[in-house]
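Right, one structure below, let's go through it.
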Amino acid sequence: MSAAARQQKFSIAVPTPLRSYTDGRADVIVTVAAVPARLADALAALDVDYPGIRFRMVDEAGRVRPHIQIFVNGAIERNPAAPLPTGARIMLVGALSGG
Amino acid sequence: MPQPRTAPRRVRLLIATRKGLWTLAGDASRRTWQLAGPHFLGHIVHHARLDPRDGKTLLAAARTGHLGPTIFRSVDGGKHWKEAARPPAFAADSGRVVDHTFWLTPGHPSQPGVWYAGTSPQGLFRSEDGGVTWDGVAGFNAHPQRKAWCGGDQDGTPDGAKLHSVLVDPRDAAHLYISMSSGGTFESTDGGANWVPLNQGVRADFQPDPDLVFGHDPHCVRFAGGNPDRLYQQNHCGLFRLDRPATRWQDIGGGMRKSVGYVGFPMVTHPHDADTAWILPMDGTSVWPRVSPGGRPAVFRTRNAGKTWQRLSTGMPKAQAWWTVKRQAMTADNHPTVGVYFGTTQGQIWGSRDEGQSWKRLAEHLPHVYAVEVA
């Protein structure tokens with residue numbers, strides 16, 4: 001299988017606090033070449049398309065920041081090394097509770 | 001007293017707040033002020049500075065409750081902003097992460113494009129391209145004693161331990177000072193490759209060792225105006241002055257009234273007179289209310305390098321005013337008769353056109369003010 005054929009596309013829902021990076025887009029598509037594709041690969045691809053967005057969500061140690069929540073196909077996923085199911089829908093949420 | 005060589009510019013204040021960045025521009029007489037903004041509404045802006053070397057580059061250190069820290073950068077005086085391509089961040093294997101960039105200092109005039117940033121937790125970063133990309137200063141961040149110097153989480157300020165008061169000797173780009181809450185003041189004479197503690201004579205009442213080498217809590221350290229061999233320090237435990245090459249700080253808090261005390265956060269120095277400085281004390285008694293002592297805010301000024309301090313409160317509320325001022329939220333311009341400005345925890349900006357003698361409220365209803373700088 002060619003490298004191009006192995007590429008997978010994932011849709012990512014972008015919350016309002018991060019849409020300054022995506023020109024206001026609430027949903028974007030990223031392309032990942034790695035097999036298996038992992039959450040970290042999708043976030044890296046997102047940062048290639050929208051530079052700077054990843055560091056606002058993931059710290060320099062590779063951990064998802066405390067008030068960022070990530071859902072993969074509706075389930076919480078905070079492990080960047082988690083593999084992504086084919087065609088997974090990723091949802092980013094700014095999860096800051098309180099006043 | 002020596003006067004500035006060039007006519008002072010109109011004063012514009014950069015006001016960094018818990019909810020964004022504003023500017024406050026004065027007319028030539030500094031009587032009328034125009035508020036503009038916000039930039040980055042909803043961002044926690046800890047500090048914003050103008051690059052005095054080009055007069056147009058601005059950097060702002062920001063984060064939000066959700067999002068990690070970044071640096072916004074403008075090269076046209078604030079008309080347009082773009083995010084740093086690589087904001088300050090610790091090495092991936094360091095086990096530490098930057099919570100926020102707390103302090104920004106433009107570099108030496110001989111090094112255009114160089115900036116320094118202090119972070120929470122304590123880290124020192126340097127940019128050589130005007131703030132677009134940042135790298136850790138390994139001589140500090142990876143120093144074998146760094147962990148001992150900085151202490152543990154319990155030693156930090158309420159919203160995280162900080163590296164601040166990055167000072168660049170105007171005579172020597174390689175001569176640097178930094179201060180940490182907690183950690184103390186440190187000096188480098190080789191551009192940041194190595195650091196030594198510089199805390200002799202500074203009290204640390206919260207530590208059992210009276211001769212502590214490091215672990216102190218400087219709140220704000222500034223060069224004296226026109227004399228970079230003199231440093232003034234507002235500390236958690238008092239007021240101090242250091243005249244180099246001496247290495248022992250002198251206690252200059254004895255002239256403060258006992259009813260007011262010597263606790264506060266900002267320290268502002270006169271741009272032309274090394275004997276003059278301003279402070280704004282707060283209530284550091286009992287459980288540290290961190291409000292104006294007795295609800296009666298006042299600036300105190302020394303004209304004799306800290307021997308005595310004069311209360312200056314004309315124009316300020318006489319009672320029931322319970323705000324205070326953070327360490328970056330007080331500054332001075334460079335007019336022949338210096339203007340002094342501060343922003344409060346309750347969103348007011350106060351200014352004095354006569355070196356603190358009288359005060360006027362220049363703006364109000366802003367968010368909690370974190371920093372005020374002249375741009």
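A note on names: the letters A, B, ... follow the listed sequences, proteins ahead of strands, and every chain is numbered from 1.
Among the candidates B/Trp103, B/Phe90, B/Trp115, the single residue satisfying the ring-ring contact (aromatic ring centres under 6.0 Å, His included) test with B/Phe125 is B/Phe90.
Counting heavy-atom pairs under 4.5 Å between each of B/Val98, B/Leu67, B/Asp93 and chain A puts B/Leu67 at the top. The choice from B/Pro69, B/Ala92, B/Ala85 that makes the most heavy-atom pairs within less than 4.5 Å of chain A is B/Pro69. Most heavy-atom pairs under 4.5 Å with chain B: of the set A/Gly52, A/Pro66, A/Pro17, this distinction falls to A/Pro17.
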Derivation and outcome, side-chain hydrogen bond (donor to acceptor under 3.5 Å, both in side chains), residues B/His43 and B/Lys19 = CA-CA 5 Å; B/His43 276 73; B/Lys19 298 288 184 181; over 6 Å; no

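Residue B/Arg86: no heavy atom, backbone or side chain, is found under 4.5 Å from chain A. For a residue to count as touching a neighbouring chain, one of its non-hydrogen atoms must lie under 4.5 Å from one of that chain's; by this rule A/Pro51 does not touch chain B.
Between the side chains of A/Lys9 and A/Thr31, at least one donor N or O lies within less than 3.5 Å of an accepting N or O. When only modelled atom types and interatomic distance are considered, B/Arg146 and B/Gln122 share no side-chain donor-acceptor pair under 3.5 Å. A donor-acceptor pair shorter than 3.5 Å cannot be found between the side chains of B/Ser120 and B/Asp99.
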